[in-house]
Amino acid sequence: MKKIAFILISLLIVSCSTEGKQEEVVRELAKKDAIEKLQLPEGTAFSNENIEITETETGEASIGVSYLVKITIKSQDREGNEIVETHTMNYKKTGEGGLAPEDYELISFE
């Protein structure tokens with residue numbers, strides 16, 4: 001009985017660790033895509049507070065997972081007024097592992 005409990009706890013820990021890594025991959029992919037799509041300067045930096053990731057399951061198993069990413073971009077106009085823009089990206093998990101940028105596909109960008 002103790003062996004089964006140990007195995008279940010180990011699987012839970014491994015799955016939580018992998019989920020965090022997958023969100024980090026999606027976060028970095030969203031940063032790259034935002035710079036590319038919005039034609040921002042190459043050195044543009046984002047803080048993690050400006051990026052909100054929501055995971056949704058679209059089907060059975062881990063392949064049916066999609067991520068809704070809301071990214072907030074703050075800038076200033078010539079008069080010094082702060083401009084806040086929020087963009088939404090939808091990523092679909094297409095690969096098995098989910099630990100590489102190639103495992104995700106950008107579905108929409110608003």
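Just so it is clear, the structure is predicted and the values come from calculations on it, not from any experiment.
Of all heavy-atom pairs between Ile35 and Pro41, the closest is CG2-O, 4.1 Å. Across all non-hydrogen atoms, the minimal contact from Glu105 to Thr94 is OE1-CG2, 3.5 Å. Of all heavy-atom pairs spanning Pro101 and Val25, the tightest one is N-CG1, 3.8 Å.
Hydrophobic clustering of Ile, Leu, Val, Met, Phe, Trp and Tyr side chains at less than 4.5 Å, counting indirect connections, keeps Leu38 apart from Leu68. Note: the hydrophobic cluster containing Ile107 does not contain Ile71 (ILVMFWY, side chain heavy atoms under 4.5 Å, direct or indirect links).
The structure places CD of Glu23 at 11.5 Å from CD1 of Ile51, a figure rounded to the nearest 0.5 Å. How far CD of Glu85 is from OG of Ser75: 5.5 Å, rounded to the nearest 0.5 Å. Expressed to the nearest 0.5 Å, how far OG1 of Thr86 lies from CD of Glu110 amounts to 12.0 Å. The distance from the CD atom of Glu36 to the CD atom of Gln39 is 9.5 Å, given to the nearest 0.5 Å.
We find that Lys21 and Glu24 are not joined by a salt bridge, their nearest charged nitrogen and carboxylate oxygen being 4.0 Å or further apart.
Remark: Phe46 engages no residue in a ring-ring contact (aromatic ring centres under 6.0 Å, His included) (not counting sequence neighbours).
Under a 3.5 Å cut-off, the side chain of Ser108 and the backbone N or O of Met89 do not form any donor-acceptor pair.
Test Lys92, Gln22, Arg27 against Tyr67 for side chain to side chain donor-acceptor pair (under 3.5 Å) and you get one pass: Gln22.
Within the 4.5 Å cutoff, no side-chain heavy atoms of Thr54 are placed close to those of Val69. At least one side-chain heavy atom of Val84 sits less than 4.5 Å from a side-chain heavy atom of Thr72. Looking only at side-chain heavy atoms (C-beta outward), Asp33 and Tyr91 come within less than 4.5 Å of each other. Looking only at side-chain heavy atoms (C-beta outward), Ile83 and Lys74 stay at 4.5 Å or farther from each other.
The number of heavy atoms from other shown groups lying within 6.0 Å of NZ (Lys70) does not exceed 12.
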